[in-house]
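These notes are about the structure you will find just below.
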Amino acid sequence: MIQAIYSATAGMINQQTIVEVVTNNLANSSTYGYKSDELSFGRILGTLTPTKSGGAIYSINNIDNIVIKYGTDFNQGGMQRTDNVLDLALDGDGFFAIQYPDGIRYTRSGNFSKNQDGQLVTSDGYPVLGINGPIQLQGAQVKVDGKGQVIVDEIVIDKLKIVAFQDKKEIIKGGYNTFKTANPDITEMPSNANVMQGFLELSNVNVVYEMAKMIEAMRTYEAYQRTIQLINDITKEANNELGTMNI
Amino acid sequence: MIRALWTAASGMTAQQLNNDVIANNLANVNTTGFKRSRADFQDLLYQTIMPAGTSNASGSQIPVGIQVGHGTRPIAIQKMFAQGDYQETGNPLDLVIEGDGFFQVITPDGNIAYTRAGAFKRDSQGQIVTSDGFVMKDQITIPQDSVDIAITSDGAVQVSLPGQSEPQQLGVIELARFTNPAGLSNIGKNLYMPTASSGQPIIGIPGMNGFGSIGQRSLEMSNVKVVEEMVNLIVAQRAYEINSKAIQTADEMLGIANNLRR
């Protein structure tokens, strides 16, 4: 009986985490280049123990055996036209490379600006990398073509470093619109993404889907609560009624 | 659950700020030389509940971990220096900059401020001043008896005086440029001040070395596009609403948890 209470409790905690992930997606529905996260839990996998009489007992002793599906949805977000010269969007698979103090991070959020030295930087002030390192923009007219070549006053000065990855499972979120990798040996592949100047990639959060998911998680949470209440009632019954003979 | 409450609250706060920025853009839809702004957001730090590569009970590795984010925050209010449309006024001291650059004016405290609003006037001494009476840094004084003022595209100010066939050159209106104009600080009154991130002003002659040229008898209108702002407003309001729904859900779930024991 007690076992069932713990299984239901684990269910409640899991649904809570789902709501937290959904809420974070909703909070970032206006964040440029944001990629939504998805968390779901599958059924508890029990183990079958054969009995002497030939049947099997279904055991759910191990509540660790839950199928967890977590992942970031790297699908393309919509495009918003801004006409700002230093707003860049990637159409296709790939990331801009950013020099962080702790190494290179990746982003899809191309709302860049220039700092006081004319370097191309993110909103946080970290340099956006080109093939030859940070990009210096000195000149009147800055153009970025579809391949990511940076053209200042009709002269190609550098090419944006845009990388793609074979296995995106190696990429985790670093916060502040960045992605990073925990694997130092990961191979960066050149990206075929088309660079669009004067555009920004919108968040790819699907608000309707997230709303539905939130309702589902809340109702499942409620069902688990009912289960716990039911187990509580049964246990109470067993404790109070068993042994009394007034049938 | 407390996490979801604060996450959704960060989303609501962000949308409020978004709304503030849009409202200011809309309020300045008729402000000469106004440059619209845009609120930029980014996601916050992630808490790793289960790192990727953890072994599960049956010994196999979980391919992806679980990371829960903590919401969003405003990171920048980006100024958009796209050229505004021109409006023909016929007034000889209404100037536009076609391209990059700012007019320089002296504020009453002696600092130099920068502006794109070229609706200049003459004061009682004949000096060229802004609508607030701030003197242009180039200190051009127009003689009282001048008949016509001509300002060329390279900023040269010439007047015709009665009895003289040749126009008289009074001076040149110079422009200032910044490495990072988006880093300028707004001080109101259509003026900008340099900051550490904008870099030092670069002074030059209009129409040369990347500076915009000056057009006379016209004004630069605000670059706010009303339709665009209205759409942004709808998005901001709906995003605000949906974050409030997330708070309601989190609250209801807390209520359910509190009712576990009747």
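Labels below follow one simple rule: chain letters A, B, ... track the order of the sequence lines, proteins then strands, and each chain is numbered from 1. Scope of the values below: all heavy atoms of this structure, side chains included, with no hydrogens, waters or symmetry mates.
Within the 4.5 angstrom heavy-atom criterion, atoms from both the backbone and the side chain of B/Asn259 approach chain A. B/Ile247 does not touch chain A: none of its heavy atoms, backbone or side chain, sits under 4.5 Å away. If you measure heavy-atom distances from A/Tyr176 to chain B, the contacts under 4.5 Å come from both the backbone and the side chain. Of the two parts of A/Thr82, the backbone and the side chain both hold a non-hydrogen atom closer than 4.5 Å to a non-hydrogen atom of chain B. Neither the backbone nor the side chain of B/Ala236 comes within less than 4.5 Å of any heavy atom in chain A. Contact annotation for B/Asn243: only side-chain heavy atoms (C-beta onward) come within less than 4.5 Å of a heavy atom of chain A. Using a 4.5 Å cut-off between heavy atoms, B/Asn232 touches chain A through its side chain atoms alone. With a 4.5 Å cut-off on non-hydrogen atoms, A/Asn115 touches chain B through its backbone but not through its side chain. Only the side chain of B/Arg38 comes within contact range of chain A, with heavy atoms under 4.5 Å apart.
Heavy-atom pairs under 4.5 Å with chain A were tallied for B/Ala246, B/Gly183, B/Ala8, B/Pro181; the largest tally goes to B/Ala246.
The closest side-chain donor-acceptor pair between B/Gln78 and A/Asp87, if any, does not fall under 3.5 angstrom.
A/Gln16 approaches B/Met253 most closely through the heavy-atom pair CA-CE, 4.1 Å. The two residues A/Ser123 and B/Ala76 come nearest to each other via the heavy atoms CB-CB, 4.3 Å.
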Quiz item: Taking it one step at a time, do A/Ser30 and B/Gln15 satisfy side-chain hydrogen bond (donor to acceptor under 3.5 Å, both in side chains)?
Solution: CA-CA 8 Å; A/Ser30 297; B/Gln15 294 308 329; 2.9 Å; yes

